[in-house]
Amino acid sequence: MKLDTSGLESTSPFFGSGDELCPELSAAPSFSLPLSTDDTKATLKHAKGTTTLAFIFKEGVMVAADSRASMGGYISSQSVKKIIEINPYMLGTMAGGAADCQFWHRNLGIKCRLHELANKRRISVTGASKLLANILYSYRGMGLSVGTMIAGWDETGPGLYYVDSEGGRLKGTRFSVGSGSPYAYGVLDSGYKFDMSIEEAAELARRAIYHATFRDAASGGVASVYYVGPNGWKKLSGDDVGELHYHYYPVTPSTVEQEMAEVAGA
Amino acid sequence: MARYDRAITVFSPDGHLFQVEYALEAVRKGNAAVGVRGTDTIVLGVEKKSTVKLQDSRSVRKIVSLDNHIALACAGLKADARVLINRARIECQSHRLTVEDPVTVEYITRYIAGLQQKYTQSGGVRPFGLSTLIVGFDPYTGVPSLYQTDPSGTFSAWKANATGRNSNSMREFLEKNYKETSGQETIKLAIRALLEVVESGGKNIEVAVMTREKGLKQLDEAEIDAMVAEIEAEKAAAEAAKKGPPKET
């Protein structure tokens with residue numbers, strides 16, 4: 001299987017990328033790349049424990065995610081940045097292996113910048129997502145775990161693509177990825193209207209993430225909401241989901257509690 | 001591959017790459033080619049050596065399309081051209097596949113020029129012996145462009161240019177007579193430039209016109225003859241106007 005090693009070129013120049021007169025790929029790396037078996041997958045256990053979502057609406061694209069990283073039942077971090085800034089007008093979301101997502105998104109950012117420099121115009125969201133999808137496809141079966149959405153604004157308007165490590169790539173207007181996605185879809189799909197203002201869309205995204213973190217053990221931490229418009233992306237909010245809970249379901253003091261409070265005051 | 005790394009193209013003591021310069025000589029011996037950019041039309045014209053009687057002239061098309069919106073004409077070694085054109089066509093499709101967008105004229109020119117340059121800096125190969133004229137419309141902005149590449153691998157954009165045999169005379173003519181034109185006027189300008197160095201007649205020139213809407217259209221002999229006749233008539237009228245008035249008074 002021909003590997004797209006363009007992602008590794010800058011880090012490994014000795015892989016014979018010199019005299020290329022024929023349009024073939026450079027020589028294979030000196031080690032044999034392992035093919036992922038079911039055993040490997042089970043050991044790594046990247047259960048894509050997360051909730052991320054993105055949708056296109058009248059004003060642009062709204063992207064939101066939680067911030068919990070879990071290793072089985074252990075919460076390894078509550079403050080992971082799952083929305084990756086590829087460049088000032090494109091965002092990527094992280095679901096699956098954190099290292100895989102971070103590395104390949106960063107690599108995609110490099111490729112997008114090189115495209116801009118070479119062609120004197122920004123790369124389209126279509127093009128960027130295709131570049132990532134082609135790389136992930138060439139590593140298919142080798143254990144990468146990436147479930148990402150590429151959201152951006154280009155010459156043709158807002159763009160949203162879902163790309164995963166199986167090599168799939170889908171264009172769409174509403175996506176949610178991760179273990180908490182069913183819950184997020186429930187809230188997102190029932191509340192979605194194309195004609196929303198930015199505030200309404202942000203509130204919808206925030207609520208969808210919150211509800212997913214409420215029910216899904218592998219999602220939690222902080223609900224971040226980003227907006228991508230004609231001038232690029234902007235972070236709108238980052239709210240702790242614990243606090244969001246009391247915002248949506250405030251504790252109303254019952255009569256018994258009120259009496260006790262008065263007694264304590266007296 | 002490793003054994004053939006004795007370079008053929010090496011620097012001379014005074015900084016010349018002789019193989020590249022010899023390649024340019026080969027271009028200068030090739031058939032004349034001209035390209036003119038108008039506001040909505042781009043024209044490529046190539047000299048056709050008088051058709052050998054038994055040859056099927058349709059098999060020697062000198063102006064080819066690289067994609068729906070890009071065309072190329074060249075001067076020099078035709079066999080080298082075939083190889084370069086095939087690689088360029090593959091690149092056009094590969095670009096469509098990887099970024100889901102058609103190439104821009106500048107991109108494919110840069111690719112072809114890059115290829116030509118690679119062969120001046122590799123072991124065991126000689127440079128391509130051809131200069132190309134690449135025309136097309138930008139797939140988004142619709143802006144027409146004309147580019148030229150040469151065996152050294154340099155490229156630049158032009159309003160009008162000529163390459164091949166007697167290219168200097170054609171270029172001089174274009175410099176004197178170029179102005180922003182569109183439609184038929186652009187075609188006439190290109191044909192007039194070619195007629196400076198080629199025997200008059202539809203069977204000695206091949207002309208192709210590219211428009212944003214219709215893509216590349218090769219003019220057939222009858223159409224070329226008609227334009228040539230128009231040009232001759234205009235020339236005669238201009239001559240008569242110059243000589244006419246003094247006699248009338």
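This one's a predicted model, so the numbers in the text were calculated from it and none came from an experiment. Lettering of chains follows the sequences in order, A, B, ..., and the numbering in each one begins at 1.
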Task: Shortest non-hydrogen contact between A:Asn119 and B:Arg110, atoms and distance - done: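 Taking every non-hydrogen atom into account, OD1-NH2, 2.9 Å.
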Above 12 or not: heavy atoms from other molecules or residues under 6.0 Å from [atom1] of [X]?
| X | atom1 | value |
| --- | --- | --- |
| A:Lys58 | NZ | yes |
| B:Lys188 | NZ | yes |
| B:Arg96 | CZ | yes |

TODO: Apply side chain to side chain contact (heavy atoms under 4.5 Å, CB included) to B:Val99 and A:Thr126, showing your working.
DONE: CA-CA 7 Å; B:Val99 292; A:Thr126 312; over 6 Å; no
Task: Heavy-atom proximity to chain B below 4.5 Å, by part of A:Ala133 - done: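 A:Ala133 has no heavy atom closer than 4.5 Å to chain B.
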TODO: Select one option (side chain, backbone, both, neither) describing which atoms of A:Ser129 are under 4.5 Å from chain B's heavy atoms.
DONE: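 No part of it gets close to chain B.
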Open item on the list: If you count heavy-atom pairs within less than 4.5 Å of chain B, which of A:Arg121, A:His115, A:Lys120 leads?
Closed with: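 Among the listed options, the one with the most contacts to chain B is A:Arg121.
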Open item on the list: Is B:Thr98 in contact with chain A via its backbone, its side chain, both, or neither, using a 4.5 Å heavy-atom distance?
Closed with: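 Looking at B:Thr98, backbone and side chain both touch chain A.
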Task: B:Glu100 CD to A:Leu131 CG distance, which is reported to the nearest 0.5 Å - done: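 Taking CD in B:Glu100 and CG in A:Leu131, the distance rounds to 10.5 Å.
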